[in-house]
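Here's the structure we're looking at; comments come further down.
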Amino acid sequence: MATIRVKDWTKNKLRQIRNAESHSSYDSVIKTLLKDRKLAKYTDDASNTATSESGQPQDADIDKAFDDLTVLAELTGSHDDVLFLWCPNCGNELVHLTVEQPLGLSVFEMECQRCLTHLDSHAIVAIELRYPIEQKMIEGQLQTDLKSCVIDYWDRTLEAVADGTLEADTSAASLVWQFDQYYKQFTWDWPTDVPAVSVVPGVTYRNTVTDERMEAVEAVTENRNAMDSYKVRRYTVDGDVLSDRIDSSTIVDWVVNRELVITEQSVETTKPAT
């Protein structure tokens, strides 16, 4: 018979349940848990209906890329009361938590011990038990899913800012600056079918409103907690090439309104100033 490997944390939880409920064996504990899960499946629809009627936000109502991967800032509940928090930059498991409902982790910060990136709730991915972590790791797909989850969240969040539907006290300029800093730290190749969240020297963008291309040359300010202004090279629709300076407020407006898409990006990466 095949051997099933169980982590120490899981063993301790099973032992606690066995002692608390006087089970005769671990087999009995697992059978009871499976039975409870089956019963919970039947009551899940009624529970969701009641929660929706009470006006509480539902993760299921969020049109996000993955069912079982959620950026921490928009997580309102967990199916299994257990969350695994992961770093999207290097694919490292940060910590696993036992949580209570309703979940409130909108303010959460920690440093990844592998890549030493300081992460907050806008850049930490919560993975639920139903997501096949080990299988995804073997397939080499986990890192891609973490990245896609965060990109999808940033894109939808900025769209909500533009629409005025984001329920948060953070200003648009502050959010854009945060996403810009993370993007530069993660050094990701940004997908060309998703509007940009950052302006990086060496990258050429197209403004989807004016159809004008713009190459970011260099930052001309050194703001520590806000977007910088940039020296750029503009390629007009008439074929002219113009040197220009774009101030930070204009860049914030372009990013929030999802107007910039990447057409060319250099191989070199740009790290934010420390």
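V255 has its side chain out of reach of S198: every pair of non-hydrogen atoms, C-beta onward, lies at least 4.5 Å apart. Side-chain contact check for Y131 versus D67: every heavy-atom pair is 4.5 Å or farther apart. Counting only heavy atoms from C-beta outward, the side chains of Y153 and K64 never approach each other to under 4.5 Å. Residues V200 and Y183 are in side-chain contact: their nearest non-hydrogen atoms beyond the backbone lie under 4.5 Å apart. Contact check for L75 versus L83: side-chain heavy atoms found under the 4.5 Å cut-off. You'll find the side chain of D189 stays beyond 4.5 Å of the side chain of I262, heavy atoms only. A 4.5 Å side-chain heavy-atom check between V197 and D155 finds every atom pair outside the cut-off. Within the 4.5 Å cutoff, side-chain heavy atoms of W86 are placed close to those of I133.
Here the CG atom belonging to N207 is positioned 10.0 Å from the CZ atom belonging to R234, to the nearest 0.5 angstrom. The structure places CE of M227 at 11.0 Å from OG1 of T250, a figure rounded to the nearest 0.5 Å. Residue N89 holds its CG atom at 6.5 Å from OG1 of T187, rounded to the nearest 0.5 Å. Residue E111 holds its CD atom at 10.0 Å from SG of C87, rounded to the nearest 0.5 Å. One distance of note links CG of L242 with OH of Y235; it measures 10.5 Å at 0.5 Å rounding. The CZ atom of R206 lies 12.5 Å from the CE atom of M214; values are rounded to the nearest 0.5 Å.
Taking a cutoff of 4.0 Å between a charged side-chain nitrogen and a carboxylate oxygen, E74 and R156 qualify as a salt bridge.
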For this session: Please assess I151 against W188 for the test side-chain contact (heavy atoms from CB on, under 4.5 Å), listing each intermediate value before the final yes or no.
Result: CA-CA 10 Å; I151 288 176; W188 288 341; 3.9 Å; yes
For this session: Check the pair V199 / L260 against side-chain contact (heavy atoms from CB on, under 4.5 Å), numbers first and verdict last.
Result: CA-CA 9 Å; V199 169; L260 298 180; 4.3 Å; yes
Exercise. What's the verdict on side-chain contact (heavy atoms from CB on, under 4.5 Å) for T221 and R245, showing C-alpha distance, side-chain angles and the deciding distance?
Worked result: CA-CA 11 Å; T221 57; R245 169 180 168 144; 3.9 Å; yes
Exercise. Should F108 and L119 be marked as a side-chain contact (heavy atoms from CB on, under 4.5 Å) after you check the CA-CA gap, both sets of side-chain angles, and the distance that decides it?
Worked result: CA-CA 8 Å; F108 189 94; L119 304 166; over 6 Å; no
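In this structure, W254 is not a member of the same hydrophobic cluster as V217, with clusters built from ILVMFWY side-chain heavy atoms closer than 4.5 Å. With hydrophobic clusters built from ILVMFWY side chains whose heavy atoms lie under 4.5 angstrom apart, L69 shares a cluster with V194. Residues V220 and I251 do not share a hydrophobic cluster, defined by chaining ILVMFWY side chains whose heavy atoms lie under 4.5 Å apart. Under the 4.5 Å side-chain heavy-atom criterion for grouping Ile, Leu, Val, Met, Phe, Trp and Tyr, L158 is not connected to V261 through any hydrophobic cluster.
The two residues W190 and A196 have their closest heavy-atom pair at NE1-CA, 3.8 Å. Closest heavy-atom contact between V125 and P88: CG2-CB, 4.3 Å. Counting all heavy atoms, side chain and backbone alike, V71 lies closest to S121 at CG1-O, 3.2 Å. Across C149 and F66, no two heavy atoms sit closer than the pair N-CE1, 3.7 Å. What you find for D211 and V237 is that their closest heavy atoms are O-CG1, 3.7 Å. Across all their heavy atoms, D228 and Y230 have their closest contact at O-CD1, 3.5 Å.
In this structure a side-chain-to-backbone donor-acceptor pair under 3.5 Å is missing from T204 to T263. Checking side-chain atoms of Q143 against main-chain N and O of G91 turns up a donor-acceptor pair under 3.5 Å. N19 places a side-chain N or O within 3.5 Å of a backbone atom of R15 that can act as its donor or acceptor partner. With R258 contributing its side chain and P195 its backbone, the two residues share a donor-acceptor pair below 3.5 Å. Judged by distance alone, the side chain of R114 and the main-chain N or O of C90 form a donor-acceptor pair under 3.5 Å. In terms of modelled atom types and a separation under 3.5 Å, the side chain of D180 and the main chain of V176 share no donor-acceptor contact. No donor-acceptor pair closer than 3.5 Å links the side chain of K136 to the backbone N or O of T144.
Residues satisfying the side-chain contact (heavy atoms from CB on, under 4.5 Å) criterion with A172, sequence neighbours excluded, are V161, V256. For the ring pair (Phe, Tyr, Trp, His ring centres under 6.0 Å) test, no residue two or more places apart in sequence or in another chain qualifies with W177. Scanning for salt bridge (charged side-chain N to carboxylate O under 4.0 Å, His left out) contacts around E259 gives an empty result, with sequence neighbours left out. For E222, there are no side-chain contact (heavy atoms from CB on, under 4.5 Å) partners two or more places apart in sequence or in a different chain. Listed by chain and residue number, H122, W154 satisfy the ring pair (Phe, Tyr, Trp, His ring centres under 6.0 Å) test with F179 (two or more places apart in sequence, or in another chain). In this structure, the side-chain contact (heavy atoms from CB on, under 4.5 Å) partners of D193, at least two apart in sequence or on a different chain, are P191.
No more than 12 heavy atoms of other residues, nucleotides or ligands lie within 6.0 Å of CE in M137, so this atom counts as exposed by the packing criterion. More than 12 heavy atoms of other shown residues, nucleotides or ligands fall within 6.0 angstrom of atom CD in E139.
S229 and D247 are not linked by any side-chain donor-acceptor pair at a separation below 3.5 angstrom, with hydrogens and angles left out of the test. No hydrogens or angles considered: nothing links the side chains of Q185 and Q181 as a donor-acceptor pair under 3.5 Å. A donor-acceptor pair shorter than 3.5 Å cannot be found between the side chains of D238 and T236.
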